Amino acid sequence: MRLVIAEDSALFRQGLANLLVDAGHEVLAAVGDAEAAVLQTRALGPDVLICDVRMPPDLSDDGARAAVVLRGEFPRLGIVLLSQRIETKHTARLVPGGYFAYLLKDRVLDVNEFLDTLRRVREGGSALDPELVLELIGAARTNRTVESLTLREREVLALMAEGRTNLGIAQRLWLTERTVETHVGNILAKLELPVAAQDHRRVLAVIAYLQAQGRT
C-alpha cells in the first residue's frame, strides 16, 4: 500500500512511518501541515492519506478540511483521519463516500487493528472510532427511536460503525453469528434502515441517521 502521512508532531509522524514501513507498506511522503498534505497527495497519488485533524497553518481543523478538498478530487482515495478529540462536522461529509476512517490516535497503538483498518479503507470500507459512535448514540438518546435500542443492540451498532462484519461482531462479543444477524436486523428495523444494505453501506446509513438528529 502506498501512503502519505500528514502529522505535525515529528515524533508521532516518524513513529507512524516506521510502523508502516515495517509492515511492508510504502510511505511516499511524511509532512507536517495541511497544505503540504494536499500538495503531496495530488503529486504522488497515494492509495491512502493518513491525516491529523488538528494541524498547521491554523491549528484548528485544517487536516479535516484538507481531507474534504481531496475527497472532492479523488473519490477513491483512502482517507484516515486521526485526532485526540472527537470532530463530527467534516466527518459527516467524508463518511458517505466510503474509503474513510476516523480514529482517535490511541487506536494506532493496537498495531494489528490499525493495519486492518487501513486495509478496509483501501478496499472502500468505512471505520469509525468507537468513542465517536458512542458519543453520537449518547447524544441521540433523547430520540425515542434510538432509546428503543437495547444495550446489546447499542454494542452491536458501535461495532457496525467500525465497519465490522456480522462474523467480526460475533467474535468480539462472544455471540453466534446468527444472534448477531438478529440484532442487526432489529437495529435496522427500529431505525427504519434497509436490512439488505452492504456492510459499509449500513454503517453509513446508521451514522447518517444519528447525525440527522443535529450533532454536526
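The structure presented is a predicted model; accordingly, all values stated were derived computationally and were not measured.
- A donor-acceptor pair under 3.5 Å links the side-chain atoms of Asp62 to the main chain of Ser60, judged by distance alone.
- Inspection of the Thr179 and Thr182 side chains reveals no N or O donor paired with an N or O acceptor under 3.5 Å.
- Here Leu81 contributes atom CG and Leu103 contributes atom CG; the two are 9.0 Å apart, rounded to the nearest 0.5 Å.
- If you chain together hydrophobic residues whose side chains sit under 4.5 Å apart, Val180 and Leu157 fall into the same group.
- Distance alone, capped at 3.5 Å, is enough to place a donor-acceptor pair between the Arg2 side chain and the Gly45 backbone.
- Rounded to the nearest 0.5 angstrom, Leu28 CG and Asp47 CG are separated by 8.0 Å.
- If you chain together hydrophobic residues whose side chains sit under 4.5 Å apart, Val111 and Val27 fall into the same group.
- Leu59 places a side-chain heavy atom less than 4.5 Å from the side chain of Asp8.
- A salt bridge (charged side-chain N to carboxylate O under 4.0 Å, His left out) check over residues 103-112, counting only residues at least two apart or in different chains, returns the pairs Glu7-Lys105, Asp52-Lys105, Arg107-Asp129, Arg107-Glu131.
- Interatomic distance, CD of Gln40 versus CG of Leu70, reported as 11.5 Å (0.5 Å rounding).
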Chi angles and distances behind the side chain to side chain contact (heavy atoms under 4.5 Å, CB included) call for Arg152, His183
CA-CA 8 Å; Arg152 178 63 84 185; His183 285 312; 3.4 Å; yes
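- Within the 4.5 Å cutoff, no side-chain heavy atoms of Val53 are placed close to those of Leu82.
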Would Asp61 and Arg54 count as a side chain to side chain contact (heavy atoms under 4.5 Å, CB included) if you check the C-alpha gap in whole Å, the side-chain angles of each, and the deciding distance to 0.1 Å?
CA-CA 5 Å; Asp61 57 358; Arg54 185 183 179 91; over 6 Å; no
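- Rounded to the nearest 0.5 Å, atoms CG (Leu44) and CZ (Arg42) are 12.5 Å apart.
- Under the 4.0 Å criterion applied to side-chain N and carboxylate O atoms, Glu181 and Arg178 are assigned as salt-bridge partners.
- Panel note: side chain Arg71, backbone Phe74; a donor-acceptor pair is recorded below 3.5 Å.
- Of the inter-residue distances, the one linking Leu77 atom CG with Tyr99 atom OH reads 10.5 Å to the nearest 0.5 angstrom.
- Within 6.0 Å of atom CG in Leu11, 12 or fewer heavy atoms from other residues, nucleotides or ligands are found, so the atom counts as exposed in its surroundings.
- Atom CZ of Arg120 sits about 4.5 Å away from atom OG1 of Thr117, to the nearest 0.5 Å.
- Minimum interatomic distance between Ala6 and Ala37 (heavy atoms only, all atoms of both residues): CB-CB, 3.5 Å.
- Under the 4.5 Å side-chain heavy-atom criterion for grouping Ile, Leu, Val, Met, Phe, Trp and Tyr, Leu104 is not connected to Phe12 through any hydrophobic cluster.
- With a 4.5 Å cut-off on side-chain heavy atoms, Ile50 and Leu20 count as touching.
- Contact of the Val48 side chain with the Met1 side chain is registered, since non-hydrogen atoms from C-beta on lie closer than 4.5 Å.
- Arg13 approaches Val31 most closely through the heavy-atom pair CD-O, 3.2 Å.
- Taking a 6.0 Å sphere around CD of Glu26, one finds it holds more than 12 heavy atoms contributed by other residues, nucleotides or ligands.
- In the hydrophobic cluster analysis, where Ile, Leu, Val, Met, Phe, Trp and Tyr join through side-chain heavy atoms closer than 4.5 angstrom, Ile5 is grouped apart from Leu39.
- Side-chain atoms of Leu175 and Ile169, non-hydrogen and from C-beta on, never get closer than 4.5 Å to each other.
- There is a path of hydrophobic side-chain contacts, each under 4.5 Å, that joins Leu118 to Val21.
- Looking at every heavy atom in both residues, Gly32 comes nearest to Pro56 through O-CD, 3.5 Å.
- In this structure, Val156 and Val184 have side chains that are in contact, with non-hydrogen atoms separated by less than 4.5 Å.
- Using a 4.5 Å cut-off on side-chain heavy atoms (C-beta onward), Leu3 and Leu49 make no contact.
- Side-chain contact between Thr41 and Pro46 is present, with at least one heavy-atom pair separated by less than 4.5 Å.
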